[in-house]
Each structure stands twice: as structure tokens, then as C-alpha cells.
Amino acid sequence: MRILNIASNIRLLKQSLPSTVRLIAVSKTKTAEAIQEAYTEGQRCFGENRVGEILIKKDLLPADIEWHLIGHLQRNKVKMVIPFIGMIQSVDTFRLLSSINSEAQKIGRVVDILLQIHIAREETKFGFSREEIEEMIESSEFRDIRSVRICGVMGMATFTSDTGLVQSEFRSLAESFRYLKMKYFSKDENFRELSMGMSGDYEIAIREGSTMIRVGSLIFGERA
Ligand SMILES: *Cc1c(COP(=O)(O)O)cnc(C)c1O
């Protein structure tokens, strides 16, 4: 893959994906022009990790882009993204879920989210444990959550060349997804996304059942 040709990077990557896997093009730190190039190639779904950046870019780009927030979200910034966000993939606490719910309720929206599960060895990665999700779902406060649609789970593997470790982490995320689906969401068709896999590990993620990959540098080139 030639790093600098965004259109052909997108085309080649998409050709190689099974039809069950959706591509989120991670455009964080990249320019609106770069995103436009991917858009022209047919890409509509983009991932960003900072609220400030997403707010600037969305006004410069076509309105039918579906923006996914994939980075840690502070509760005081929730209000700014609720009117337009396509999906918040990085919901990592009940407090955040609850803020999203109340801001969505205020404007009469139902917002799609994923629950981020911590699977990596690294301390720095945010997310719930499976047990914390169960506790949350079984709590009485959870019943008030009506303006949020829980569409599945998201996770990031350890940044390592040890593919065995990455595979076992993705496998454990996939097991949590199936477990939660069976126990709490078996009748909820919205709960169906398993967001895992980035530039360095998306092929492993797909083998382990990913439905959504979040790929940045392989499309747009390395970030500074
Ligand atoms: C940056 C980022 C990605 C994409 O990383 P690449 O290695 O550039 O593909 C995916 N997911 C999350 C949560 C990210 O922050």
C-alpha cells in the first residue's frame, strides 16, 4: 500500500474486507482535505478522538459524514457532540453513559453508543471490566437510561508485536460480547457491534469476529 494515496489505500482495504465488517476511517490529527479525499472514494464513516477536532472538521465537510467518537470523552463535553454524533464508541463509565442519556433526552435524540471494555495489559487504556458492565446493567439507575442505544462493545488490544497476546485479547473481548448479548441483549437487535482492530491488528480482529474496524495510519499515513 502506498501511504500517500488515500483513495487507493481506502479502495484496497475495502476490497479485502468481508461484507460483515464495517470500516471506520480514523482521521484524528489529519486535515479536512485528507478526509475529503477518502469521502470522494465513498467512505462515509470517520473516527475522531477529540471533541474540539471533530467540531471543527464537521463544519468543513459534507453533512452526510457519520462521525464516531473513539477517544475518552469528558462529561463536560458531552453536550457539544450530542446533536450530531453518529456513535460514541468510548463509553467507559456509568456516569458518562448517564450524561449522554440526559443530554440526548433534552433534545429528543436517541444516541448510539458502544461500551468500551478494557482488554489490554496497558494501564492507560480506559474501559469497563465485564463484571462492571454486569453490575451497571443490573443496577436500578440503569433502568432510567432510555435515550441511549447500546449497540455493542469496543476494545483495544495491547500495542505489541506479540500476535498471540493480541489474538487472546480480541478473543476475550469477543467472548464478553457474546456473553453480554446472550445474558442481557438477546432480544435487542441493536446490540450487534464488536468494534476491534486497528491498522496493526485488524486482520487478527476480523478472524476473531470483529464487525467494525477502526483504521487510521494505514489509510492516511503515520501520525506525527
Ligand atoms: C488512533 C486510534 C485508532 C487507529 O489507529 P491506527 O493504528 O492509526 O489505525 C483506532 N482506535 C482508537 C481508539 C484510536 O485511538
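One-based numbering, in listed order, for ligands and for the atoms of each.
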### Query
Should you measure from each heavy atom of Val215, which atoms of ligand 1 turn up under 4.0 Å away?
9 (O)
### Query
Do ligand 1 and Gly216 have nitrogen or oxygen atoms that lie under 3.5 Å from each other?
yes
#### Entry: Heavy-atom proximity to atom 14 (C) of ligand 1, best of Lys28, Arg214, Met154
Lys28
### Query
Hey, is Ile70 one of the residues with a heavy atom under 4.0 angstrom from ligand 1?
yes
### Query
Parallel, tilted or perpendicular: which fits the ring planes of Trp67 and Phe46, with parallel below 30° and perpendicular above 60°?
tilted
### Query
Do Leu69 and Val26 share a hydrophobic cluster (ILVMFWY, side-chain heavy atoms under 4.5 Å, transitive)?
no
### Query
Which one holds for Met156 and ligand 1: side chain close, backbone close, both close, or neither close, with close meaning a heavy atom under 4.0 Å?
side chain
### Message
When you group the ILVMFWY residues by side-chain heavy-atom contacts below 4.5 Å and let the links chain together, are Ile117 and Leu114 in the same group?
### Response
no
### Task
Would you confirm whether the ring centroid of Phe94 sits within less than 6.0 angstrom of the ring centroid of Phe128?
no
### Query
Evaluating non-hydrogen atoms only, which member of Gly200, Ser27, Ser199 is closest to atom 6 (P) of ligand 1?
Ser199
### Task
Check each of Glu48, Arg223, Met198 against atom 8 (O) of ligand 1 and report the one with the nearest heavy atom.
Arg223
### Query
Are Met196 and Leu23 grouped together when hydrophobic residues (ILVMFWY) are joined by side-chain heavy atoms under 4.5 angstrom apart?
yes
### Within 6.0 Å of CZ in Arg44, more than 12 heavy atoms from elsewhere
yes
